[in-house]
2 protein chains.
Amino acid sequence: MPRLVAERSDILPKLAETFRTRGYEGASLAHIGKATGLGKGSLYHFFPGGKAEMAEAVLAEMGAWFENSVFAPLRSIPAGDAAEARARISESCRAVERYFASGRRVCLFAVFALSETRSLFEKQVRDYFRNWVEALARALVVAGRGPAAARTEAFDAVATIQGAIVLARAASDERVFAGALARIEARLLG
Amino acid sequence: MPRLVAERSDILPKLAETFRTRGYEGASLAHIGKATGLGKGSLYHFFPGGKAEMAEAVLAEMGAWFENSVFAPLRSIPAGDAAEARARISESCRAVERYFASGRRVCLFAVFALSETRSLFEKQVRDYFRNWVEALARALVVAGRGPAAARTEAFDAVATIQGAIVLARAASDERVFAGALARIEARLLG
DNA sequence: ATTAGTCTGTACTATTCGGTATATACCCGA
DNA sequence: TCGGGTATATACCGAATAGTACAGACTAAT
């Protein structure tokens, strides 16, 4: 039996894809096994906690990606450097567009937030959105907004992004996501 | 065996509640049976097509409610009556807030849009959001906006509402939904 | 009173579920 | 060459799954 996978993290992308497309309940071990090419034995070797641990690992990886690629850059802008803040906000919009594949790819945190799975991953889901809103609000403050306005604008921007994913999928038209994101960016910078 | 239910529509609310809280895959016939108080016999009597037909009926009822309570009033504003348009837009925001129970209650169309269930109910999901955006855009035109601006503003408003439900649930704080909706209304009227 | 049609509960099928146990194969260090 | 830890496949478990079959009980019209 040749080894196919060296590390747990090698199969996380395919795991994430399966949870995204089928949801937590809908992703059966059979689906996961087929998607990853691994049997139950290997799956339970890597994730002794079963499906719950798989989903947790996927959320952790998604969270880490956003932390590194979106939240941290927004949070760490030097105070007073409004030009840099605007540049980082623009960059974060591009990173978001890339990650969600222009609305074709779903946000797993949103899927979990809308389902009863929420209770299983409540903390991860809450922290993800809180971190996003707070990081963006911080960047807006550096860009010159008042604290209260920055907070509500950040909230609305994140909410609109999430809703745009829903509407883009509903319409099966990814252009509407790109358009919405462009308007969000303009509003954040304007 | 006493009759518990006279018509199919009597159990639709409980059916909707079950699909909302557990999703399509997560709502088993056992859950549905317990929630509605009906055995499988009755369930398959009313819905010979099983779960798929139940979900379809629920979507149809939700769609009809929105059509009557939100879309039609927005669509049927007399041309030129900007004041009436503003009043109807305000009313629709209040109807939406009531329906989604300030963000506690999930939008089933959004849940389906994000899952692979989407392929089963593609048309219903697409039509729901398209009708909403178009009705709101029409109202905005009557209120004085240009057609293009009306369309993008309507899209963004619906998207933000959907995203606000996600974020409100993630934060387990319904006040943030009410706040977001108030800002959306102000933006639509301003 | 009879009957036809409308519900309702229950037992049943076959399948699939998440999870466990086990046996086998591989790689690497001694 | 010989273990021992790491992967992997497979058979298996009890529970739950969607759906079917059917018999009983109620209602309403005849």
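Here is how names work: the chains are called A, B, and so on, in the same order as the sequence lines, proteins then strands, and each is numbered from 1. Values below: every heavy atom of this structure, side chains too, minus hydrogens, waters and symmetry copies. What you see is a predicted model; the values in this text were computed from it and never measured.
Rotation axes derived from the C1' atoms of the five outermost pairs at either end of the helix from C:dA1-D:dT30 to C:dA30-D:dT1 lie 10° apart, to the nearest 10°.
With sequence neighbours left out, the side-chain hydrogen bond (donor to acceptor under 3.5 Å, both in side chains) criterion links A:Asp81 to no other residue. Not counting sequence neighbours, the partners of B:Phe121 by the ring pair (Phe, Tyr, Trp, His ring centres under 6.0 Å) test are B:Tyr24, B:Phe112. Remark: A:Arg175 pairs with A:Asp173 by the side-chain contact (heavy atoms from CB on, under 4.5 Å) rule, at least two apart or across chains. For A:Ala154, the side-chain contact (heavy atoms from CB on, under 4.5 Å) partners two or more places apart in sequence, or in a different chain, are A:Val133, A:Leu136, A:Ala137, A:Leu140. Residues satisfying the side-chain hydrogen bond (donor to acceptor under 3.5 Å, both in side chains) test with A:Ser9, not counting sequence neighbours, are none.
Protein atom NZ of B:Lys34 is 15 Å distant from nucleotide atom C1' of C:dG9, rounded to whole Å. Rounded to whole Å, the distance from CG on A:Leu43 to P on D:dT6 is 18 Å. In this structure, A:Phe46 places its CZ atom 19 Å from P of C:dG18, rounding to the nearest Å. Here C:dG19 presents its P atom at 17 Å from NE2 of A:His45, a figure rounded to the nearest Å. The nearest whole Å value for the distance from the CD1 atom in B:Ile11 to the C1' atom in C:dT6 is 15 Å.
Proximity of residues 24-33 of chain B to DNA chain C (heavy atom under 4.0 angstrom from any strand atom) is not detected for any residue.
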Could you pull out all donor-acceptor pairs under 3.5 Å where a side-chain atom in residues 52-61 of chain A meets a protein atom, sequence neighbours excluded?
from, atom 1, to, atom 2, distance (Å)
A:Glu53, OE1, A:Gly49, N, 2.6
A:Glu53, OE2, A:Arg8, NH1, 3.1

For residues 182-190 of chain B, dump all side-chain donor-acceptor pairs below 3.5 Å to protein atoms at least two apart in sequence or in another chain.
from, atom 1, to, atom 2, distance (Å)
B:Arg183, NE, A:Asp156, OD1, 3.3
B:Arg183, NE, A:Asp156, OD2, 2.8
B:Arg183, NH2, A:Asp156, OD1, 2.6
B:Glu185, OE2, B:Ser90, OG, 2.6

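Ring planes of A:Phe129 and A:Trp132: parallel class, angle under 30° (limits at 30 and 60°).
Closest approach to the A:Tyr44 side chain among C:dG18, C:dT6, D:dA7 is made by C:dG18 (side chain taken as heavy atoms from C-beta onward). Considering only the side chain of A:Lys51, C:dG19 comes nearest among D:dA18, C:dG19, C:dG9.
B:Ile77 belongs to a hydrophobic cluster with B:Val142, counting contacts under 4.5 Å between side-chain heavy atoms of Ile, Leu, Val, Met, Phe, Trp and Tyr, direct or through other members.
Two residues are said to be in side-chain contact when any heavy atoms from C-beta on lie closer than 4.5 Å; B:Arg145 and B:Glu153 meet this criterion.
Residue A:Gly41 is in base contact, counting any heavy-atom pair closer than 4.0 Å across all strands shown.
Among residues at least two apart or in separate chains, ring-ring contact (aromatic ring centres under 6.0 Å, His included) pairs with a member in residues 76-99 of chain A are A:Trp65-A:Tyr99, A:Phe66-A:Tyr99.
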Enumerate the protein-to-nucleotides 11-15 of chain D contacts in which both atoms are nitrogen or oxygen and the separation is below 3.5 Å.
none

